[in-house]
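Remarks on the structure that follows.
As the structure is a prediction and not an experimental result, all values here were calculated from the model. Along the sequence shown, residues are numbered consecutively beginning with 1.
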Amino acid sequence: MKGAYTTIPIGLIKVAVVNRKLNHLKIYVFLKCISSGHLSVKANSCKIWAKEIGISEKTLKTCLDWMLKNRWLSFNSKIQSLRVVSYRQLKQKYKKYFHTAIKFDRSNFIDFRGFCAAALIGFYRNSKRFLDKKNKVSGTNNGVPRKNTYALPKNYYDFPVRFFAKCLGVSVTTAENLKKEAQKFGFIS
């Protein structure tokens with residue numbers, strides 16, 4: 001899989017996180033990276049794929065069944081092949097933030113959850129920064145005092161976990177766990 005990459009839409013990451021389908025997204029991205037959209041399925045394919053991704057074969061089969069049912073994949077029984085649906089088709093299905101994407105070019109999938117969490121944090125932090133800057137220019141700061149920022153790093157920008165949870169539509173605990181996962185693998189500090 002060396003040299004293979006794909007760009008994952010932020011909206012698809014959000015859908016996977018909110019609906020607790022990150023393993024499904026991991027498998028989908030893996031299949032996109034190892035193919036041009038079509039894969040021939042052999043008797044031991046699931047075993048090989050599960051080992052490369054780092055999940056159990058049972059989890060892989062469960063996720064593949066879900067992706068077939070929800071049309072992330074399609075199966076041609078005549079020639080025993082899988083077709084990986086395009087991002088454009090998923091965009092039509094979910095209609096969320098598919099205009100922004102992040103490049104995934106990692107050689108392994110061990111830190112995939114942290115990668116996805118960091119992508120969402122970065123996206124919503126940048127959106128918040130843009131909106132705050134826009135409100136500051138228009139003078140709608142609502143009299144909130146500025147924080148003393150002399151001790152903070154140059155690129156620091158305040159991004160509360162509660163705001164992140166609200167953006168995703170998940171609990172604060174889930175948002176905090178995502179943040180910790182991104183920190184654990186060094187995607188954010």
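Using modelled atom types and a 3.5 Å distance limit, the side chains of Thr6 and Tyr87 yield a donor-acceptor pair.
A donor-acceptor pair under 3.5 Å is formed between the side chain of Asn76 and the backbone N or O of Lys78. Under the 3.5 Å distance criterion, the side-chain polar atoms of Lys14 are matched with a main-chain donor or acceptor of Cys167. Between the side chain of Ser45 and the backbone N or O of Val41 there is no donor-acceptor pair closer than 3.5 Å. Panel note: side chain Lys93, backbone Asn70; a donor-acceptor pair is recorded below 3.5 Å.
Among all heavy-atom pairs drawn from Phe104 and Val29, the shortest one is CD2-CG1, 3.8 Å. The two residues Leu60 and Cys46 come nearest to each other via the heavy atoms CD2-O, 3.1 Å. Closest approach of Arg113 to Leu178, counting heavy atoms only: NH2-CD2, 4.0 Å. Shortest non-hydrogen contact noted between Ile8 and Phe115 is CD1-CE2, 4.3 Å. Across every non-hydrogen atom of Ala175 and Val161, the tightest pair is CB-CG1, 3.8 Å.
A single hydrophobic cluster is not seen to contain both Phe163 and Val172; linkage of ILVMFWY side chains at heavy-atom distances under 4.5 Å, directly or through other members, places them apart.
In this structure the side chain of Thr100 never reaches within 4.5 angstrom of the side chain of Pro9, judged on heavy atoms. You'll find the side chain of Phe30 stays beyond 4.5 Å of the side chain of Val84, heavy atoms only. The shortest distance between side-chain heavy atoms of Val170 and Phe164 does not fall below 4.5 Å. At a threshold of 4.5 Å between non-hydrogen side-chain atoms, the residues Phe109 and Ile27 do not count as touching. Under the 4.5 Å side-chain criterion, counting only non-hydrogen atoms from C-beta, Arg20 is in contact with Thr174. You'll find the side chain of Tyr124 reaches within 4.5 Å of the side chain of Leu168, heavy atoms only. Side-chain contact between Ile34 and Trp49: present, with at least one pair of heavy atoms (C-beta onward) separated by less than 4.5 Å. A heavy-atom distance below 4.5 Å is not found between the side chains of Phe75 and Leu64.
Asp65 meets the side-chain contact (heavy atoms from CB on, under 4.5 Å) test with no other residue; sequence neighbours excluded. The side chain to side chain donor-acceptor pair (under 3.5 Å) test applied to Thr59 returns Ser56, not counting sequence neighbours.
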Handout entry: Lys21/Trp66 under side-chain contact (heavy atoms from CB on, under 4.5 Å): CA gap, chis, key distance, verdict
Key = CA-CA 10 Å; Lys21 301 295 180 196; Trp66 182 90; 3.7 Å; yes
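Rounded to the nearest 0.5 Å, atoms CG (Asp111) and CD (Glu181) are 9.0 Å apart. From Lys103, atom NZ reaches atom OG1 of Thr7 across 9.5 Å, with rounding to the nearest 0.5 Å. With rounding to the nearest 0.5 angstrom, the NZ atom of Lys47 is 14.0 Å from the CD atom of Glu52. Rounding to the nearest 0.5 Å places CD of Gln80 at 13.0 Å from CG of Leu39. Separating the CD atom in Glu57 from the CG atom in Asn44 is a distance of 9.5 Å, to the nearest 0.5 Å. To the nearest 0.5 Å, the span separating CG on Leu25 from SG on Cys116 amounts to 5.0 Å.
Annotation for Leu68: atom CG counts as buried by contact number, over 12 foreign heavy atoms lying within 6.0 Å. Around atom CZ of Arg83, more than 12 heavy atoms belonging to other residues, nucleotides or ligands sit under 6.0 Å away.
The list of side-chain hydrogen bond (donor to acceptor under 3.5 Å, both in side chains) pairs with a residue in residues 25-40, not counting sequence neighbours, reads Ser40-Lys42.
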